[in-house]
Amino acid sequence: MKKIIDLRSDTVTKPTEAMRKAMYEAEVGDDVYKEDPTANELEKYAAELLGKEAALFVPSGVMGNQICLNVLTQPGDEVICEKDAHIFQYESGSPAALSGVQLSLVEGKRGIFTPEEIEPLIRPASAYYMAHTKVIEVENTHNRAGGTINPIENIEAISKLAKKYNLFTHLDGARIWNASVETSVTPAKYASYFDSISCCLSKGLGAPIGSIIAGDKDFIEQAFRVRKAWGGGMRQIGIIAAAGLYALKNNIPRLVEDHEKAKLLAKHLAAMDSVSIDIKSVETNILMFSPNKKTVEQVLVECKEKGLLLSTGSVGVIRAVTHMDVSFEDIKAAKEILERVLN
Ligand code: TLP
């Protein structure tokens, strides 16, 4: 059977033997009663890693972000975020549908906005005829911008601005682990500038299911209630929590290897005339590029025929994501397929 190289996303990773063993051996209980020892251990471990009072295991990154926004806002509030934020582009309109909030979009550059750009968007609290600005949301690393890292000094300045206006801050840290290994800024340091954080176990860390949200105790108590209300209260989840715990304990440092693979592929692409790519923008495990001679759709179809799966970014852009289930040899094979298809 022809080998398929799947660079559509880091969500496609499959649990390893060791992870499956941890899942098999997990002690379980009913988590709706808070009696699943493995889920409890995962939440305690994650809270410590993120430097927060408490954490909650949730089924997905989308649910994590949406629960956080729901707890931090009231219907009619406004959340400031970057125009390509996952909560705006890829969460099915849920801020409006589930929490009755509207998003105020900032242009940003490479997924990053500065405090100066958002200060004019903060609505005066006295303006009863306007939505209330309530939350500033940051995504780090930024998916649609190509895995870019938000500099810690910028995050600190955004957090100061939020405090000045009495606003909450939320971090979509689906890939905060990637930012952390690349910059050596700890996940806890990143999280310290936010009231709530959502981070994925099922992307580069290789767990099959799940995300973590973290915040103070009161926040997590409220989040526990919203998770149940939205049908996310699960029972013997130790089986999947064990995978998450294994992922957090074992799979963070190896993410640097995924970044090396992405940078290598970016270098190969930059050497081809038929491709536009900003090689400097490839900071972590995501790379975005545009074909010069064919349409995105043509390239996706032809690559698939040859055993290489890719996805799309914004209009006219192809996305490739490296992860633990692709090797350096796969990157070489991907380069050869791309050379044939793009030229
Ligand atoms: N991103 C997916 C797709 O939805 C695009 C991917 O393949 O990258 N925040 C960020 C920054 C994400 O990239 C994602 C998933 C999520 C949240 C949602 O996570 P899940 O898929 O677990 O709900």
Side-chain angles (χ1 to χ4, degrees), residues 6-15 46 56-70 79 81-95 97-98 103 108 110-113 135 137-150 155 170-180 187 190-191 194 196-214 227 230-232 234 237 240-241 243-244 247 255 258 262 282-288 296 300 309-315 317-326:
D6 194 347
L7 299 181
R8 283 172 303 169
S9 182
D10 45 8
T11 58
V12 302
T13 48
K14 296 190 178 135
L56 187 70
F57 184 53
V58 293
S60 70
V62 171
M63 191 187 272
N65 280 333
Q66 296 305 324
I67 289 176
C68 291
L69 294 184
N70 186 268
V79 174
C81 67
E82 197 270 341
K83 67 174 189 319
D84 277 329
H86 198 276
I87 58 164
F88 174 61
Q89 296 286 351
Y90 299 129
E91 301 197 6
S92 316
S94 295
L98 300 176
L103 301 178
R110 296 168 63 243
I112 296 160
F113 54 76
V135 180
E137 195 258 6
V138 170
E139 187 175 312
N140 192 22
T141 66
H142 194 292
N143 179 354
R144 215 161 186 254
T148 50
I149 300 173
N150 206 315
I155 290 175
H170 171 68
L171 173 63
D172 178 349
R175 296 185 180 83
I176 196 62
W177 327 111
N178 295 80
S180 178
Y190 279 121
F194 296 90
S196 60
I197 167 167
S198 164
C199 36
C200 287
L201 304 166
S202 65
K203 298 199 161 55
L205 297 192
I209 303 165
S211 276
I212 287 287
I213 56 177
R227 184 186 69 173
W230 289 355
M234 299 172 288
I237 58 170
I240 52 176
L255 292 171
D258 297 344
V282 184
E283 299 178 63
T284 57
N285 68 327
I286 302 179
L287 55 137
M288 301 288 187
V296 166
L300 293 191
L309 303 183
L310 300 162
S311 56
T312 52
S314 45
V315 180
V317 174
I318 296 177
R319 181 180 84 148
V321 187
T322 55
H323 52 77
M324 64 200 292
D325 291 357
V326 289

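Throughout, residue positions are numbered sequentially from 1 according to the sequence presented. Start at 1 and go down the list; that is how both ligands and their atoms are numbered.
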For ligand 1, note which part of [X] has a heavy atom under 4.0 Å away: side chain, backbone, both or neither.
X      : value
Val321 : neither
Arg175 : side chain
His142 : neither
Val62  : both

For [atom], what is the closest protein heavy atom, and at what distance to 0.1 Å?
atom                    : value
atom 5 (C) of ligand 1  : Asn143 ND2, 3.6 Å
atom 1 (N) of ligand 1  : His86 NE2, 3.2 Å
atom 21 (O) of ligand 1 : Lys203 NZ, 3.9 Å
atom 20 (P) of ligand 1 : Gly61 N, 3.4 Å
atom 7 (O) of ligand 1  : Ser9 OG, 2.7 Å

Exercise. Kindly indicate, with the supporting measurements, whether the criterion salt bridge (Lys or Arg N to Asp or Glu O under 4.0 Å) is fulfilled by Arg110 and Glu283.
Key: CA-CA 11 Å; Arg110 296 168 63 243; Glu283 299 178 63; 2.8 Å; yes
Practice problem: Could you walk me through whether His170 and Asn65 pass side chain to side chain donor-acceptor pair (under 3.5 Å), step by step? | Solution: CA-CA 8 Å; His170 171 68; Asn65 280 333; 2.9 Å; yes
Exercise. Would you please say whether a donor-acceptor pair under 3.5 Å links the side chains of Arg175 and Thr141?
Key: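 Side chains of Arg175 and Thr141: no pair found under 3.5 Å.
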Quiz item: If we ignore angles and hydrogens, is there a donor and acceptor under 3.5 Å between the side chains of Asn285 and Asp10?
Solution: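 A donor-acceptor contact under 3.5 Å links the two side chains.
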Exercise. Evaluate the side-chain proximity of Asn150 to Val138: yes if any heavy-atom separation is below 4.5 Å, no if none is.
Key: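 Yes. Closest side-chain heavy atoms under 4.5 Å.
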Check this for me - ligand 1, [X], N or O atoms closer than 3.5 angstrom, yes or no?
X      : result
Arg319 : yes
Tyr90  : no
Asp172 : yes

Exercise. State whether the side chain of Arg227 and the backbone N or O of Phe57 hold a donor-acceptor pair below 3.5 Å, judged by distance alone.
Key: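 At least one qualifying donor-acceptor pair exists.
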Quiz item: So, does Ser60 use its side chain to make a donor-acceptor pair with the main chain of Met63 at under 3.5 Å?
Solution: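 Yes.
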Practice problem: Within a distance under 4.0 Å of any heavy atom of Glu139, pick out the atoms of ligand 1 and give their elements. | Solution: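 Matching atoms, with element in brackets: 11 (C).
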